[in-house]
Amino acid sequence: MIGFARSIAPTLDGIGIRLQVICPGGVDTALPPPDLRIAGRVFAPPSYIADGVLHALEVGAAGDVWMATDAGLPYWKYEFTPIPRAAPVPVD
């Protein structure tokens, strides 16, 4: 999903649609099965994820990927490592 969103975001941005991704950690809803609710596992309230979405909308750019993993931590934008590109090889 991240790769798809990042690849299509520039095209959509060109027509006025700003696409971003938010990656939540565990969310405290009825969906997680009981066996995931082990001691020490942290589930954030849905309101925390909603706040993360609003934050991304306020300050994010097209193609940004945001993490909202734990209510005890701030949301943060994931920074991808640049991929070095070799110079093109001339063709004779």
Residues which pass salt bridge (charged side-chain N to carboxylate O under 4.0 Å, His left out) with Asp28, listed by chain and number, not counting sequence neighbours: Arg37
Validation row: Val53, Gln20 side chains within 4.5 angstrom (heavy atoms): no
Heavy-atom closest contact (Ala9 atom, Ala62 atom, distance): CB-C, 4.1 Å
In one Ile/Leu/Val/Met/Phe/Trp/Tyr side-chain cluster, 4.5 Å: Ile8, Ile2: no
Taking every non-hydrogen atom, the tightest pair across Ala5 and Val21: CB-CG2, 3.3 Å
Parallel, tilted or perpendicular, as decided by the 30° and 60° cut-offs, for the rings of Tyr78 and Trp76: tilted
Residues in salt bridge (charged side-chain N to carboxylate O under 4.0 Å, His left out) contact with Glu79, at least two apart in sequence or another chain: Lys77
Straight-line distance of Thr69 OG1 to Ile49 CD1, nearest 0.5 Å: 8.0 Å
Verdict with supporting geometry, Arg18 and Asp64, side-chain contact (heavy atoms from CB on, under 4.5 Å): CA-CA 9 Å; Arg18 183 175 39 142; Asp64 281 353; over 6 Å; no
Sequence neighbours excluded - ring-ring contact (aromatic ring centres under 6.0 Å, His included) pairs with any residue from residues 53-74: His55-Trp66, His55-Tyr75
In one Ile/Leu/Val/Met/Phe/Trp/Tyr side-chain cluster, 4.5 Å: Ile22, Met67: no
Residue Phe4 excluded, over 12 heavy atoms near CZ under 6.0 Å: no
